[in-house]
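The next block holds one structure in the form of structure tokens; read it before the comments.
Proteins come first, then strands; the chains are lettered A, B, ... in the order of their sequence lines, and each starts at number 1.
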Amino acid sequence: KAGVTQTPRYLIKTRGQQVTLSCSPISGHRSVSWYQQTPGQGLQFLFEYFSETQRNKGNFPGRFSGRQFSNSRSEMNVSTLELGDSALYLCASSLYGQGYEQYFGPGTRLTVT
Amino acid sequence: GQQVMQIPQYQHVQEGEDFTTYCNSSTTLSNIQWYKQRPGGHPVFLIQLVKSGEVKKQKRLTFQFGEAKKNSSLHITATQTTDVGTYFCAEGGSGNTGKLIFGQGTTLQVKP
């Protein structure tokens with residue numbers, strides 16, 4: 001079974017721009033969660049989608065948004081990028097949700113200059 | 001808000017020594033998940049503990065969930081260089097709709 005895939009793997013953007021990251025979960029998984037990982041803040045939960053509905057949300061500003069499609073693929077968008085948004089963005093899929101085993105993708109390394 | 005504290009932040013050991021990381025919460029945890037992230041990699045699920053006092057073993061790794069379900073530990077016996085990485089505990093929340101809250105992680109370095 002193929003693992004979680006994320007595209008692109010690396011991205012360099014300028015302050016003020018926006019960015020869209022993509023995640024394809026493991027086949028059959030309907031829960032997709034997004035995390036931001038930085039050396040200072042660790043792994044922070046952004047949001048979870050299940051069957052195209054946002055089920056949970058972390059404490060991030062409205063510039064961070066996401067969506068899930070009918071095939072469970074998910075995208076997250078960050079608008080008006082700030083330097084502090086530089087991070088590794090990880091997507092994880094699960095059969096049922098966050099109370100269960102999460103399968104992480106390789107991540108997208110975003111650098112904001 | 002909900003917080004899971006993990007200690008120590010870093011640990012350097014000589015190959016062959018044991019290693020333990022601890023995860024503590026001020027509130028009762030629904031369940032605990034443990035993940036390992038190798039340098040440059042992504043978190044990989046190790047195990048989930050659900051029951052009070054639960055102990056599970058995976059080869060040289062022993063996972064425990066406290067009787068009060070407020071703490072958990074991961075113990076590695078006779079570390080090897082392949083154990084290098086960051087170990088995270090995470091509270092999985094209740095059922096399907098809970099949030100997964102990660103501890104800060106313990107980074108393990110193993111000197112050969």
Check residues 105-112 of chain B and write down every donor-acceptor pair under 3.5 Å in which the side-chain atom is one partner and the other belongs to a residue at least two apart or another chain.
residue: B/Thr106; atom: OG1; partner: B/Pro8; partner atom: O; Å: 2.5
residue: B/Thr106; atom: OG1; partner: B/Thr21; partner atom: OG1; Å: 2.8
residue: B/Thr107; atom: OG1; partner: B/Thr86; partner atom: OG1; Å: 2.9

- Item | chain B contact residues among residues 21-38 of chain A, heavy-atom distance under 4.5 Å | A/Tyr35, A/Gln37
- Item | Residues of residues 102-113 of chain A near chain B, each having a heavy atom less than 4.5 Å away | A/Gln102, A/Phe104, A/Gly105, A/Pro106
- In this structure, CG of B/Leu61 is separated from NE2 of B/His75 (nearest 0.5 Å) by 9.5 Å
- Heavy-atom distance under 4.5 Å to chain B: side chain of A/Leu90, backbone, both or neither? side chain
- B/Phe88/B/Tyr35 aromatic ring centres below 6.0 Å: no
- Query: Under 6.0 Å between the ring centres of A/Tyr49 and A/Phe47?
  - Reply: yes
- Query: So, B/Thr77 and B/Asp18: side-chain donor and acceptor under 3.5 Å apart, yes or no?
  - Reply: no
- Item | Under 3.5 Å side-chain donor-acceptor pair for A/Ser51 and A/Thr53 | no
- Option among B/Lys59, B/Arg38, B/Arg60 that satisfies the salt bridge (charged side-chain N to carboxylate O under 4.0 Å, His left out) test with B/Asp83: B/Arg60
- Query: disulfide bond (SG atoms under 2.5 Å apart): which pairs involve residues 14-79 of chain B, sequence neighbours left out?
  - Reply: B/Cys23-B/Cys89
- If two hydrophobic side chains count as joined below 4.5 Å and joins carry through other members, does B/Tyr87 share a cluster with B/Ile32? yes
- Item | A/Lys13 with A/Asp85: basic N within carboxylate O range, under 4.0 Å | no
